[in-house]
Amino acid sequence: MGARGGSGVYVGRRAAALVAAVLLALLAALLALAALYGRCRGEEAPPAPPSLPDGAAGGAGVPGGPPGVPSWRRLPRHLLPLHYDLELWPRVRPGQAGPFSFVGQVNITVRCRQDTRAAVLHSAGLRIRGAAVRGPLPEPGDAVWGSLPNPGVVVEVPELQEAAGEVAVLELRGRLQAGRRYVLQLGFQGRLEEDLDGLFLTRYTDQGRSSMLIASQLEPTYARTVYPCFDEPAMKATFNIRIIHDPSYVALSNMPAIDTSEMKDENGSLWTVTTFKTSLKMSTYITAFVICDFDYVTRTERGNEIRIWARKEAIKNGYVDYALNITGPIFSFLEDLLNISYPLPKTDLVALPDFGAGAMENWGLMTFQESSLMYLPSDKFTSRKAMIAIIVSHELGHQWFGNLVTMKWWNDLWLNEGLASYFEYLGATFVEPRLSLDKIFYDHVVQPVLREDNEVGVRSLSQNEDKIKGSFSLISLFDSITYNKGASITWMLSGFLTEKLFIKALNLYLKEFSFSNANQDDLWTHIQMVVDAQDEVHLPASVKKIMDSWTCQNGFPVLTLNITTGTISQEQFLNKKNENTSTDSYNNTWIVPISWMRNGSSQPLIWLDKSSKFFPEMQVSESEYDWILLNVNLSGYYRVNYDQLNLKRLVHLLENDPKAIPAVSRFQLLDDVFALTQFGYIQIETALELTKYLAREDELFIWNVVLLNLVPENLESTLKNYEVYPLLKKYLLKRMLPIYHYYAGFIRQNVDALEHDYFAKVYLEKLFATACWLGLQDCLDLSYELYTKWMDNPQYKIPFLIRRTVSCYGVALGSDKEWNFAWEMYNHTDSTKEDKDILLSAMSCAKESWLLHRYLQYGLSDTLFSSNCTSIIISYVVTKDIGHRIAWDFVTENWPLLNESCRFSIILHWKKMRE
């Protein structure tokens with residue numbers, strides 16, 4: 001999208017022509033183009049928010065706030081932080097009842113860049129006390145350097161105001177002088193909540209004992225809720241941190257502890273004081289604090305001490321050993337790849353029992369939800385190991401992309417998250433070489449975001465800085481566009497540059513902006529420098545012009561190939577059934593790199609840099625064996641629409657030799673045709689033609705995308721009511737039999753052989769569930785056989801890969817005996833949360849109406865279920881063949897008995913089913 005002018009007024013050429021002379025219209029157009037192609041947000045960064053006036057009055061401020069305070073959240077740049085001395089004291093003892101609070105003191109050394117009589121910094125929810133300003137501090141070369149025991153005089157702070165925008169304003173009686181250093185001294189106090197943001201307290205059980213810990217989550221703007229600070233990513237500083245805590249706890253922060261001592265409070269009670277080494281220059285949002293009673297395991301990798309902290313029980317049982325074993329090798333892999341050493345002496349990874357963020361890359365003190373770090377023996381047939389590798393690799397990638405080099409402002413968040421999401425798959429497949437990088441990247445990253453990035457109103461990857469204001473808009477940036485689209489266009493960029501040039505450019509970028517900040521134009525500039533210094537890769541335009549077409553406008557293109565005329569055209573991929581769409585300043589064109597093959601032979605990369613272009617090499621002969629495939633192995637972020645002639649030839653090829661097309665490209669072909677069908681580009685018959693070959697398809701991840709499109713989960717309960725079901729059953733079962741029998745053989749004879757089959761762990765359940773749903777007798781027999789085996793011996797474990805399907809059809813094919821066994825197992829004390837969820841679903845599979853009626857009635861009982869289970873039970877029953885009407889009748893009859901939360905969940909679920 002194009003940038004708007006600084007005044008907020010945009011004049012289009014057509015409108016200008018009506019009100020001005022042609023010359024003025026042309027001038028307006030040239031200015032618009034300059035803003036657009038100089039940078040998608042303008043060539044220069046937006047001007048800094050207005051500094052506070054030199055005097056105490058004047059200036060446009062926050063309504064009700066002090067004069068001159070800007071009404072948006074960006075701080076004025078008249079003071080820049082250099083160093084923080086921070087002391088935190090959470091007043092918490094083991095076993096203590098709440099409410100809880102923390103106190104602290106922060107001394108911030110700042111450089112004054114413009115004369116001012118006020119200091120503005122962030123503070124939210126804190127009670128600030130004893131504010132003072134000292135300075136100016138002596139500088140090297142000053143006549144008094146080293147002569148003052150307490151350098152700097154006090155600048156009186158007659159008033160401290162908290163203004164809108166989560167800022168605190170220290171109004172000064174004297175003037176701070178440009179070029180000099182000062183120290184802002186602030187005491188503060190805050191509430192310690194259990195809300196998982198800022199500095200928070202969480203409770204857990206370890207070795208049968210109730211415990212609690214304190215941790216932090218400061219991204220994006222929660223540092224200001226813990227200590228007064230300049231809480232913007234570009235306002236980096238160094239930190240000296242000191243934590244006061246109960247002696248039975250250990251305190252962790254970004255840097256290694258260098259001293260522990262004791263102190264007594266006003267009541268004479270003893271506390272431990274842990275002091276940490278001075279940090280490197282970093283942003284406030286990656287400062288971190290943990291106070292806990294955890295144990296740890298450790299190893300050293302190239303001088304980097306790595307410790308993983310977790311509940312004592314988890315450490316004792318070896319649950320974090322896998323994470324420990326891969327962390328060091330991923331560190332070394334990234335160091336070698338990027339040719340830049342990790343700059344910290346230690347790395348702590350902490351497994352938190354309750355953590356809302358999932359994982360957080362704090363420099364030197366990464367925090368994780370327990371499930372993201374712990375691998376249990378019972379996880380053998382889950383995808384847990386791969387997920388741990390991916391998540392750990394993502395956070396380690398941030399040590400370079402986000403921590404060492406940070407985006408200047410949140411509008412370029414993808415420079416952190418998109419690049420880390422790209423490198424997470426490189427790191428994960430390095431330590432888990434059985435994972436196929438291209439398959440898992442397309443399946444987990446590209447395909448999901450292509451399905452989201454096609455709606456009108458979806459934002460662009462990079463946006464105008466002035467669009468990112470409130471905390472709500474910041475949090476909304478942490479989405480699949482930032483993570484998955486950012487990773488996808490990085491994958492494309494690496495592909496057309498070659499990995500060698502791309503990594504070389506990243507090395508220059510990281511070295512140039514280490515301990516500093518960058519925007520996406522800085523990245524483009526350093527890539528351009530590498531491109532200009534070699535002769536092997538030639539681009540049709542500047543790196544900036546190419547990449548801005550992908551980051552500065554929303555959506556992506558669909559390319560249409562005509563092999564008769566040899567033309568390729570592009571348009572934005574939008575729903576043709578909804579013509580109420582708008583275009584943006586790029587006129588919906590991208591500069592598209594096209595990898596392609598002809599008759600199985602890879603061809604040189606070509607570029608589409610306009611809406612339509614003729615390529616003579618794309619014209620084919622009359623032979624049915626002369627075919628073309630674009631976007632080989634999904635090297636580009638777009639979809640492809642082939643003409644009928646090429647599609648016919650691809651169908652013929654797949655039926656005779658499917659392996660002639662790479663697996664990822666087969667996946668892409670099918671995903672594209674189903675998406676094109678859904679959005680009105682082609683007919684469903686065309687998509688089904690491409691699926692005729694599926695009896696010869698042995699890749700589960702390809703089968704999964706077929707089943708997701710032909711048998712959507714929310715239609716399973718209603719599809720049988722239409723004429724299409726018997727046709728779909730006949731069509732799919734015929735093609736599913738080979739791959740079904742292949743995996744059923746392993747289930748019956750040697751399920752352990754599937755331990756390292758990642759896609760079997762992820763997608764075999766869907767394949768078996770569909771086979772049973774379509775009535776495949778062998779699937780039904782196998783499910784009942786395994787369920788009966790479990791009933792005969794409750795110690796027997798149904799193969800995890802298909803446990804949900806087996807449990808469901810075991811109940812469905814039985815009577816009250818099978819249902820009652822599921823109920824008994826649900827109430828078993830050893831049942832895990834996942835076990836219970838599987839059984840909640842299985843009990844809704846009963847085919848006898850009276851069992852479903854009884855089950856729903858059970859759901860109303862507070863003694864049998866917790867209140868949040870009621871809506872879950874209803875949502876499971878409503879998706880089943882006979883359960884839809886039963887659930888509806890039950891809800892209407894018992895609506896007054898359902899609590900408000902349950903009603904809301906039911907409404908949402910019904911709405912989702914109807915969409």
Side-chain angles (χ1 to χ4, degrees), residues 381 711 713 716-721 725 729 733 736 740-741 743-744 747-748 751 764-861 864-865 869-870 872-887 889-890:
F381 289 104
V711 191
E713 290 184 12
E716 286 189 12
S717 62
T718 57
L719 199 53
K720 284 188 177 181
N721 298 327
Y725 176 77
K729 176 178 178 178
L733 279 185
M736 285 179 64
Y740 165 80
H741 284 302
Y743 281 102
I747 296 295
R748 283 190 167 100
V751 70
L764 190 59
E765 185 87 71
K766 176 71 173 178
L767 182 79
F768 270 67
T770 303
C772 285
W773 178 71
L774 291 172
L776 180 61
Q777 194 59 48
D778 187 75
C779 184
L780 298 173
D781 292 343
L782 177 59
S783 296
Y784 191 68
E785 171 191 328
L786 295 177
Y787 190 83
T788 302
K789 192 174 180 180
W790 184 32
M791 290 176 63
D792 292 339
N793 177 18
Q795 300 304 313
Y796 169 74
K797 299 292 186 183
I798 296 172
F800 186 88
L801 299 170
I802 57 170
R803 187 167 55 150
R804 187 174 291 269
T805 299
V806 168
S807 299
C808 176
Y809 284 94
V811 171
L813 296 169
S815 61
D816 57 334
K817 177 183 176 182
E818 285 73 16
W819 195 96
N820 290 337
F821 177 76
W823 174 251
E824 180 186 343
M825 290 297 100
Y826 176 84
N827 290 289
H828 201 280
T829 55
D830 292 339
S831 295
T832 66
K833 184 179 179 181
E834 189 167 16
D835 292 334
K836 289 182 179 294
D837 183 65
I838 288 173
L839 289 166
L840 279 176
S841 176
M843 287 184 283
S844 71
C845 297
K847 296 297 185 183
E848 298 186 36
S849 300
W850 72 272
L851 284 172
L852 292 181
H853 280 293
R854 186 179 73 177
Y855 187 31
L856 290 167
Q857 288 295 331
Y858 281 4
L860 290 178
S861 171
L864 297 176
F865 289 106
C869 282
T870 307
I872 296 173
I873 292 169
I874 294 170
S875 67
Y876 278 139
V877 172
V878 79
T879 60
K880 302 304 184 293
D881 297 333
I882 68 169
H884 189 79
R885 174 53 57 186
I886 294 172
D889 291 342
F890 175 82

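Computed over heavy atoms, backbone and side chain alike; hydrogens, waters and symmetry mates excluded. Values in this document were obtained by computation on a predicted structure and should not be read as measured data.
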Answer whether the closest heavy-atom distance between the side chains of D778 and H741 falls below 4.5 Å.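 Touching, per the 4.5 Å side-chain cut-off.
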
Do you know the tightest heavy-atom contact between [X] and [Y]?
X	Y	result
V877	A887	CG1-CB, 4.0 Å
V711	K766	O-NZ, 3.2 Å
W790	S807	CZ3-OG, 4.4 Å
L782	A744	CD2-CB, 4.5 Å
L786	P799	CD1-CD, 4.2 Å
A846	W819	CB-CD1, 3.9 Å

For the pair [X] (side chain) and [Y] (backbone), establish whether a donor and an acceptor sit closer than 3.5 Å, ignoring hydrogens and angles.
X	Y	answer
Y784	A812	no
T879	Y876	yes
Y796	T788	no

[X] [atom1] to [Y] [atom2] distance, which is reported to the nearest 0.5 Å:
X	Y	atom1	atom2	value
I802	F381	CD1	CZ	11.5 Å
D835	L840	CG	CG	11.0 Å
E785	I798	CD	CD1	11.5 Å
M736	T770	CE	OG1	5.5 Å
S844	I882	OG	CD1	10.0 Å
I838	M843	CD1	CE	12.0 Å

Is there a side chain to side chain contact (heavy atoms under 4.5 Å, CB included) between L764 and I747 once you walk through the steps? CA-CA 11 Å; L764 190 59; I747 296 295; 4.3 Å; yes

Between F800 and E834, does a side chain to side chain contact (heavy atoms under 4.5 Å, CB included) hold up when you go through it step by step? CA-CA 11 Å; F800 186 88; E834 189 167 16; 3.4 Å; yes

I'd like to know if the two cysteines, C772 and C808, have SG atoms within less than 2.5 Å.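 No disulfide here.
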
Evaluate the criterion side chain to side chain contact (heavy atoms under 4.5 Å, CB included) for residue pair V811 and L851; output intermediate values, then yes/no. CA-CA 11 Å; V811 171; L851 284 172; over 6 Å; no

Measure from NZ or CZ of R854 to the centre of the six-membered ring of W823, then state whether that distance is under 6.0 Å and the direction lies within 45° of the axis.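 No; the conditions do not both hold, so R854 does not lie above the ring face of W823.
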
Please name all residues satisfying side chain to side chain donor-acceptor pair (under 3.5 Å) with T805, sequence neighbours left out, ordered by chain then number.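 Listed in chain order: E765.
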
Sequence-distant partners of E848, side chain to side chain donor-acceptor pair (under 3.5 Å), two or more places apart: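 Result, side chain to side chain donor-acceptor pair (under 3.5 Å) vs E848: W850.
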
Mind running side chain to side chain contact (heavy atoms under 4.5 Å, CB included) on L860 and F890 for me, showing each step along the way? CA-CA 11 Å; L860 290 178; F890 175 82; 3.7 Å; yes

Return the orientation label for the Y740 and F768 ring planes: parallel under 30°, perpendicular over 60°, tilted otherwise.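 Correct class here is tilted.
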
Lys/Arg-Asp/Glu bridge criterion (N-O < 4.0 Å) met for R885, D889: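 The answer is yes: the pair qualifies as a salt bridge.
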
